[in-house]
Amino acid sequence: MDHRQTNPLIAQRIQKLEEFRRLGIPPYPNDFRPSHTAAEIHRAHDDKTAEALQEMEGAFRVAGRIMALRSFGKAAFVKLQDRSGQIQVLVQKNAVGPDAYAWFRKLDVGDFLGATGPLIRTRTGELTVEAREVRLLAKSLRPLPEKWHGLTDKETRYRQRYVDLIMNPAVRETFLRRSRIIRLVREFLSSRGFVEMETPMMQPIPGGATARPFVTHHNALDMILYLRVAPELYLKRLVVGGFERVFEINRNFRNEGLSNQHNPEFTMVEFYQAYATYEDLMGLTEELFVHVAEVLNGTTRLVYRGEEIDLTPPWPRLTVREAVMRHAGLTEAEVDDPETLAAYARKLGLDVDGMPHGKVLAEVFEEVAEPHLVQPTFITQYPVEVSPLSRRNEQDPRYVDRFELYIARREIANAFSELNDPIDQLERFRQQAAQRAQGDEEAHRIDEDFVRALEYGMPPTAGEGIGIDRMVMLFTDSPSIRDVILFPHMRPES
RNA sequence: GGGCCGUUAGCUCAGCUGGCAGAGCAUCUGACUUUUAAUCAGAGGGUCCCAGGUUCGAAUCCUGGACGGCUCACCA
């Protein structure tokens, strides 16, 4: 059954719409051009007295959604909301004429209205457009949520984000900040000689991260394609091709569980710089976050979920082993001894049976150290077993030249000096393939073409990926990734 | 996937021990030319998430399911 016919509130509004048509008032015209936004008017005239406003010449054309409607017998106050904010309009029968006032009285909260007239200051001192002419710009058929409590139901807020954006200015602000952050990242990288590229979202071999992919099918070619879990292997092909500084800001897709920090599709900025090491990228990352923080907030301090976070560099750098020693209270010898560390891991309740030492170390790190990493911290020197694409450390080949950036107990970025030895790369792929054969669904597949690219020669390079959604969460004090993704993944309704 | 919690009018929410389905805002009718959640008088509006069960009687108790939130696990 069509909801439109059963819901009396919608039926009433459809009746009004038909009445407007009968009166010769088009309910959806498109010939009204506002001259100013609400914010522009406030900015220019908020400080003017009633007398000063009276002396001003010319009319202001404003347009927006009616968010409040206080109607008297022959006059009404309206709050119009546009992209910049809100402005009050006073509509009086004497000023707009009896015919216009008659249809105006039938308008609902939620309708779009255009108003033209001079600025006045009301008895209570509010800057107001005194309408000489009003236009219906778009009829709304559904009632907005209640004016005082607004829309709070999270399910409705996510499913009908448009209503959330209408009703909740803070939500609107979050997504404006998201847009600004992405622009700042783009400008920052561009200004340092990085070029933005687009690489395949649909890949025959999903690579660049250890995650389960979404699978799709190309009909004409009758082949399986995977939505990418990372752009890494394609961006490195571009470095082989001579784009020595390259980046991409785009979606990745991972077929994993959902949580406050995980959405199946999420946005990542990934960048590669030739003739640089992961240590260079630590400096670059500090600069990037400082740049974003200072332009956005004017300070490198921020508060996330009640905790103050100071982004002022330099940020501490700790190896994975050092972090485990510090937070588990183990000695270097104990951390390095596979038996002792595995026993410690089991005591924590971790299932580490059959795991190589490096993987156990990574597990223990996440368990004992991650919860302490509130202030920005670079964790370096990951075990080679969990880093199939990273360059080995020259002093200790059990570890790789890699870092992860932690802020507020969360992994925000992952970077490493790239493995550009094609023979080592092929060997690592083979090890991953062996793990895969043993049932590790997230282990890497062999990408022969990528190895071929490396065989042509890739300059020494460092690369990094930063989770944009988590970065936005940090800068908008958002507790859930759903609060920074406009249309988070949901099961279908009904 | 596990645990806990939730789903009642367009929205925000009450509804006790099982006994006629409630409020505020919104809507409709009337009054009102300076309001700020305008005010005053009146009226209408329900698949109590769905399906079973218990009962003389279920929004309420029981079972199963759907959807959501929080959280744990996995992952970034």
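Throughout, a chain's letter reflects where its sequence line sits, starting with A, and its residues are numbered from 1. The figures that follow rest on heavy atoms only: side chains count, while hydrogens, waters and symmetry mates do not. These numbers come from a predicted model, not from an experiment.
The base of B:rU12 is not paired with the side chain of A:T152 by any donor and acceptor separated by under 3.5 Å. Not a single donor-acceptor contact under 3.5 angstrom links the side-chain atoms of A:R123 to the base of B:rU34. You won't find any donor-acceptor pair under 3.5 Å spanning the side chain of A:N260 and the base of B:rU71, going by distance alone. Taking 3.5 Å as the limit, the base of B:rU35 and the side chain of A:E126 contain no donor-acceptor pair of atoms between them.
The side chain of A:E146 lies closest to B:rC25 when the candidates are B:rU27, B:rG69, B:rC25. Here the side chain of A:S480 is nearest to one of B:rU34, B:rC70, B:rU12, namely B:rC70. Nearest to the side chain of A:K147, among B:rG10, B:rA38, B:rA76, sits B:rA38. Checked against B:rG10, B:rU34, B:rU12, the side chain of A:Q92 finds its nearest nucleotide in B:rU34. Listed nucleotides: B:rG69, B:rC28, B:rU34. Nearest to the side chain of A:Q12: B:rC28. Among B:rU35, B:rA76, B:rC67, the nucleotide with an atom closest to any side-chain atom of A:F72 is B:rU35. Residue A:R70 has its side chain nearest to B:rA38 when only B:rA38, B:rG68, B:rA76 are considered. For A:E155, whose side chain is taken as the heavy atoms from C-beta onward, the closest listed nucleotide among B:rC67, B:rU34, B:rC32 is B:rC67. The side chain of A:K154 approaches B:rG69 more closely than any other nucleotide in the set B:rA76, B:rG69, B:rU33.
Between B:rA58 and B:rU8, the distance separating the two C1' atoms is 14 Å to the nearest Å. Between B:rG45 and B:rA38, the two C1' atoms lie 24 Å apart (nearest whole Å). B:rA66 and B:rA23: their P atoms are spaced 35 Å apart (whole Å). Spacing between B:rC48 and B:rA59 at atom P, rounded to whole Å, works out to 8 Å. One P atom belongs to B:rA14, the other to B:rG2, and the distance between them is 28 Å to the nearest Å.
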Tell me, with the steps shown, if A:R237 and A:D447 meet salt bridge (Lys or Arg N to Asp or Glu O under 4.0 Å).
CA-CA 12 Å; A:R237 283 169 168 97; A:D447 188 334; 3.1 Å; yes
What do the steps show when you test A:E155 against A:R157 for salt bridge (Lys or Arg N to Asp or Glu O under 4.0 Å), and what is the final call?
CA-CA 5 Å; A:E155 183 171 355; A:R157 287 185 45 217; over 6 Å; no
Please assess A:K359 against A:E385 for the test salt bridge (Lys or Arg N to Asp or Glu O under 4.0 Å), listing each intermediate value before the final yes or no.
CA-CA 6 Å; A:K359 213 159 178 176; A:E385 293 94 326; over 6 Å; no
Check the pair A:L419 / A:S390 against side chain to side chain contact (heavy atoms under 4.5 Å, CB included), numbers first and verdict last.
CA-CA 5 Å; A:L419 174 60; A:S390 313; 5.9 Å; no
Would you check, one step at a time, whether the test salt bridge (Lys or Arg N to Asp or Glu O under 4.0 Å) holds for A:R178 with A:D469?
CA-CA 8 Å; A:R178 180 180 175 117; A:D469 310 282; 2.9 Å; yes
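Of all nucleotides present, none satisfies the Watson-Crick or G-U wobble test against B:rU55 with each distance under 3.5 Å. In this structure B:rG22 sits in a base pair with B:rC13, meeting the Watson-Crick or G-U test at under 3.5 Å. Base pairing annotation: B:rG42 forms a Watson-Crick or G-U wobble pair with B:rC28, both donor-acceptor distances under 3.5 Å. Nucleotide B:rU35: unpaired (no Watson-Crick or G-U wobble partner with both distances less than 3.5 Å). Shown here, B:rU7 forms a base pair with B:rA66; the pair counts as Watson-Crick or G-U wobble because both key distances fall under 3.5 Å.
Contacts of A:S71 with the nucleic acid, taken as non-hydrogen atoms under 4.0 Å apart, include base atoms. Residue contacts for A:K106: at a heavy-atom cut-off of 4.0 Å it reaches no nucleic acid atom on any strand shown. Nucleic acid contact class of A:R105 (heavy atoms, under 4.0 Å, all strands): base. Heavy atoms of A:M490 sit under 4.0 angstrom from primed sugar atoms or phosphate atoms, though from no base atom. Residue contacts shown for A:K93 are absent, as no nucleic acid heavy atom lies under 4.0 Å away. Across all strands, A:G465 comes closer than 4.0 Å to no nucleic acid atom at all (heavy-atom distances). Residue contacts for A:R470: at a heavy-atom cut-off of 4.0 Å it reaches a base atom on one of the strands shown. Among the protein residues, A:L258 comes within range of the nucleic acid bases, having at least one heavy atom under 4.0 Å from a base atom. Using a 4.0 Å heavy-atom criterion, one finds that A:N263 contacts the bases of the nucleic acid, with or without backbone contacts as well.
Relative orientation of the A:H372 and A:H327 rings is parallel, given thresholds of 30° and 60° on the angle between their planes. Aromatic ring orientation, A:F214 versus A:F253: perpendicular (interplanar angle above 60°, classes split at 30° and 60°).
The CG-C1' distance, from A:D153 to B:rC67, rounds to 11 Å in whole Å. At whole-Å resolution of the value, CG in A:N250 and P in B:rA76 are 19 Å apart. Taking atom CZ of residue A:R13 and atom P of nucleotide B:rU27, one finds them 7 Å apart after rounding to whole Å. Counting to the nearest Å, the P atom of B:rG69 and the CG atom of A:D164 are 13 Å from each other. The CG atom of A:L9 sits 5 Å away from the C1' atom of B:rG10 (whole-angstrom rounding). Rounded to an integer number of Å, the gap from A:K139 NZ to B:rU27 P is 10 Å. As a whole-Å value, the separation of A:E366 CD from B:rC72 P is 15 Å. Taking atom NZ of residue A:K74 and atom P of nucleotide B:rU39, one finds them 21 Å apart after rounding to whole Å.
Contact check, A:R482 against B:rG69: a side-chain N or O comes under 4.0 Å of OP1 or OP2. A:R142 has no side-chain polar atom (N or O) that falls below the 4.0 Å cut-off from OP1 or OP2 of B:rG10. Dashed line: the shortest gap from a side-chain N or O of A:R491 to OP1 or OP2 of B:rG68 is under 4.0 Å.
For the side-chain contact (heavy atoms from CB on, under 4.5 Å) with A:F271, the qualifying choice from A:I466, A:V246, A:L235 is A:I466, the only one to do so.
To the nearest 0.5 Å, the span separating OG1 on A:T267 from CZ on A:R251 amounts to 4.5 Å.
Between the side chains of A:Y234 and A:E232, not a single donor N or O lies within less than 3.5 Å of an accepting N or O.
Both A:L144 and A:A211 lie close to RNA chain B; mapped to their nearest nucleotides by heavy-atom distance, the more 5′-ward contact belongs to A:L144. Judged by closest nucleotide on RNA chain B, A:V109 is the one of A:V109 and A:F266 placed further toward the 5' end.
Once the 5.5 Å centre distance and the 30° plane angle are applied, the aromatic ring of A:F77 is found stacked with the base of B:rU35. Look at A:W148 and the base of B:rG24; the rings do not stack under the cut-offs of 5.5 Å between centres and 30° between planes.
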